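Just below is one structure, and these are the notes that go with it.
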2 protein chains.
Amino acid sequence: MATSNIKEVAQRAGVSIGTVSNVLNHPDMVAPSTRQRVLEAIAELGYVRNDSARQLRAGRSRTIAVVALDLANPFFTDVLRGAETAGEDGGVNIMIFNSGEDAARERRHLDVLEEQRVLGVLITPVSDAVDTRLEQLIERGIPVVLVDRGSGQHNRCSVAVDDVLGGRLAGEHLAQQGHQRIAFVGGPFSLPQVTDRHTGLVAALTGKQQLQVLPTSNLTVAAGRRAGERIADLSPDARPTGVFCANDLLALGVLQEMTMRGVRVPQDVAIVGYDDIDFAAAAAVPLSSVRQPREQLGRAAAQLLLEEANDPHRHQHRHVVFRPELVVRESSSRTTRRAARAPRSAAADARDTAAHDPA
Amino acid sequence: MATSNIKEVAQRAGVSIGTVSNVLNHPDMVAPSTRQRVLEAIAELGYVRNDSARQLRAGRSRTIAVVALDLANPFFTDVLRGAETAGEDGGVNIMIFNSGEDAARERRHLDVLEEQRVLGVLITPVSDAVDTRLEQLIERGIPVVLVDRGSGQHNRCSVAVDDVLGGRLAGEHLAQQGHQRIAFVGGPFSLPQVTDRHTGLVAALTGKQQLQVLPTSNLTVAAGRRAGERIADLSPDARPTGVFCANDLLALGVLQEMTMRGVRVPQDVAIVGYDDIDFAAAAAVPLSSVRQPREQLGRAAAQLLLEEANDPHRHQHRHVVFRPELVVRESSSRTTRRAARAPRSAAADARDTAAHDPA
DNA sequence: AACGGCTGTTGACACGTTTCATTTGCCGCG
DNA sequence: CGCGGCAAATGAAACGTGTCAACAGCCGTT
């Protein structure tokens, strides 16, 4: 019950406190016989290091924090997986925090992280408004890496995907399929991801097409369904025939609502999503989507963070930008024939890796 | 850069260290004018408490840890949401760890948590093998609550859903629909959730039906697709007409593979999943599924943990068991007519709440 | 035998808090 | 004027580590 400390261990092993500490942190500095005795004492007492004391002494912790925008979105859990592997390789622990698109909660998390003196923070911010908060972290010497968010900032790294390009890919695809009335579903527009994807879409249109924007309050399936209702309620000759959604959750919601109301996908309405989460391919009308290298995003971000944490002075801030890739599936194919399975190509993998190298 | 400490604040405000501490922790003990001066000094210096020192002194941290089995499974992110709200209400921070069905990683996380002297741990263990590890945590005085896992243990609380009942609901449903050849898709069988659901299914069958088991190595969409291939490859008169999957990810994988290979759902094969994650309803053939009160599961677990942490001696360990509920949608309806949307009923909510009260 | 060098070990201090017994200053009351 | 009592502030002692200068013991060299 009462946790034993290093002093008890020392006593039991008949050595000094410093020696026990050395056994734990610099095992080669201590004679094998002594080391053995100390290790036995540790085992007998069930001694476990007290991380608070250790951190207090060291001045900083050995864990990095990931603040995710929305854990319920599989996109972020995939990014997380990448960060986790990189973290393991770098020998640091990873703790996860979920802001859930809630600015207040995000702020609370950052406060805690600052008090904890974490080694660094990987964050996809709720909005640009937290910027001053992040500046504060950086001033205090806590490295910050922006994830899935580009940045011109010179005092931090960022890892992002070219969302404008992604939007353009989607737009060009829809235009090429001959759609005249096109809709963009997404929001809130305070998220750069949303505005960028919208911008790309607009840039891809030739002017012959009509564009309609259906703003949503967030990026969830439920919001997608609500947008889907509005689309389905339009008369067939006013209804957009091509819909680009700011992420796959929205797209799945729209898709579901179409099916439920008898609007055929892709014959009546073509749908293109964004992120290419696993559920996109698993939808019974497999969803076309703009694929992002999710795991790599996380891995690259964690690597940059570790690099900065390990050598703050030599470190040069970098802004890595990956290229997205359009994956066309049945939901936006004019031909109704079943699309073949589209496994991730080796070529695509190679391309992502290349993009990661500093430009 | 150099982080300021309480001493600098004291100096700047012209008071003693103890007074600054009192301003932070017992503001009413200090005269308004002094308090004001101290707060100003804090603001000017950008002082932030050092949590390590605080914890060292206090002996324990103010955060609880959630170790999730697989964050990529929306089931767990929903559970998490419940835990987060309960944590906020209780005034503790929540950090999330992901074991990803990997025992070694789970173990590493537990080691760290023990060193951190967290307030408590919410965990869905990878297997029963970690039990000794958890015992150790408990001995050390760190409360542990099992999530989504029943337990006869008398030294910890648990919050679970009656998985045997859930399996039976699914089985009865399939039997009632007249299916003669039924398959169970799920694994690994080291997970109690899997064996329990299987057990329930078996119990529901009358003996007239044939049961085939398709074991999987994990509970992912990919594993479901592989199982789906095997099912689709069977000749129509050997193929099961009713499939019960141990979770929705598997079910979605099976569903996708059926659709892709021209096996009609539900006409040729009926599918029932488990968890009723949002994506289940969003599938274009909406998925029948056994619903668990996910958020409540998390909330109840966190509440039990807080109760124990706040008053370890008076606390009585409890084992809360929720009742699952079958939600029938199109994927298992003999009639092909579109199923109506099935929003969560108020009655169901009430029932869950009732179940939460100690029996 | 004196000395330098090497390995292993020690002991004391510092890290930044919180706590608590003690002190200070003040006011009103006898 | 002295005293008790109260509010406010103080200072020192922990909490459990890691570090580092100092030290002991030993061996080989001169």
Side-chain angles (χ1 to χ4, degrees), chain A residues 1-39 41-42 45-63 111-112 114-119 140-141, chain B residues 1-39 41-42 45-63 111-112 114-119 140-141:
Chain A
M1 188 80 184
T3 313
S4 58
N5 57 18
I6 206 176
K7 193 190 290 184
E8 291 181 34
V9 174
Q11 214 166 322
R12 178 147 194 149
V15 297
S16 78
I17 291 182
T19 301
V20 177
S21 175
N22 279 335
V23 168
L24 292 169
N25 303 302
H26 311 283
D28 20 315
M29 274 191 180
V30 48
S33 64
T34 333
R35 194 190 317 158
Q36 183 62 23
R37 242 184 20 248
V38 171
L39 289 176
I42 287 178
L45 290 172
Y47 166 74
V48 172
R49 260 211 276 254
N50 183 324
D51 201 48
S52 313
R54 191 203 220 319
Q55 280 187 39
L56 172 57
R57 187 66 236 270
R60 57 168 16 154
S61 110
R62 203 52 207 155
T63 65
D111 288 345
V112 172
E114 200 168 349
E115 291 189 359
Q116 311 233 81
R117 308 291 197 265
V118 287
L119 193 59
R140 177 155 276 105
Chain B
M1 186 80 184
T3 314
S4 57
N5 56 19
I6 207 175
K7 194 190 292 184
E8 291 181 35
V9 174
Q11 215 165 322
R12 178 145 193 150
V15 297
S16 77
I17 291 182
T19 301
V20 177
S21 175
N22 279 335
V23 169
L24 293 169
N25 303 301
H26 311 281
D28 19 314
M29 274 189 180
V30 48
S33 63
T34 335
R35 193 192 315 159
Q36 183 62 22
R37 252 196 353 263
V38 171
L39 289 176
I42 287 178
L45 291 172
Y47 165 74
V48 172
R49 256 210 280 253
N50 183 325
D51 200 48
S52 312
R54 192 221 241 289
Q55 278 188 39
L56 172 58
R57 185 65 235 261
R60 56 162 24 148
S61 111
R62 204 48 207 160
T63 63
D111 288 345
V112 172
E114 199 167 350
E115 291 189 359
Q116 310 233 82
R117 308 292 198 266
V118 286
L119 193 59
R140 177 153 277 106

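Note that this is a predicted model, so its numbers are computed, not measured. Values reported hereafter were calculated over all heavy atoms of this structure, with side chains retained and with hydrogens, waters and symmetry mates removed. Labels below follow one simple rule: chain letters A, B, ... track the order of the sequence lines, proteins then strands, and each chain is numbered from 1.
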To the nearest Å, give me how far apart [atom1] ([X]) and [atom2] ([N]) are.
X: I17(A); N: dC15(D); atom1: CD1; atom2: C1'; value: 12 Å
X: Q55(B); N: dT17(C); atom1: CD; atom2: P; value: 13 Å
X: R117(A); N: dT17(D); atom1: CZ; atom2: C1'; value: 17 Å
X: R54(A); N: dA14(C); atom1: CZ; atom2: P; value: 22 Å
X: N22(A); N: dC20(D); atom1: CG; atom2: P; value: 11 Å
X: L56(A); N: dG16(D); atom1: CG; atom2: C1'; value: 9 Å
X: D51(B); N: dT17(D); atom1: CG; atom2: P; value: 17 Å
X: N25(B); N: dC20(C); atom1: CG; atom2: P; value: 12 Å

Phosphate OP1/OP2 of [N]: any [X] side-chain N/O under 4.0 Å:
X: S21(A); N: dT17(D); answer: no
X: T34(B); N: dA9(D); answer: yes
X: T19(A); N: dT10(C); answer: yes
X: N5(B); N: dG16(C); answer: yes
X: H26(A); N: dT19(D); answer: yes

Handout entry: Intermediate values then yes/no, side chain to side chain contact (heavy atoms under 4.5 Å, CB included), Q55(A) and Q116(B)
Key = CA-CA 10 Å; Q55(A) 280 187 39; Q116(B) 310 233 82; 3.9 Å; yes

Problem - Steps toward side chain to side chain donor-acceptor pair (under 3.5 Å) verdict (R49(B), N5(B)) - result: CA-CA 7 Å; R49(B) 256 210 280 253; N5(B) 56 19; over 6 Å; no

Problem - Donor-acceptor contact below 3.5 Å, side chain R35(B) vs main chain V30(B) - result: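 Between the backbone of V30(B) and the side chain of R35(B) there is a qualifying donor-acceptor contact (under 3.5 Å).
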
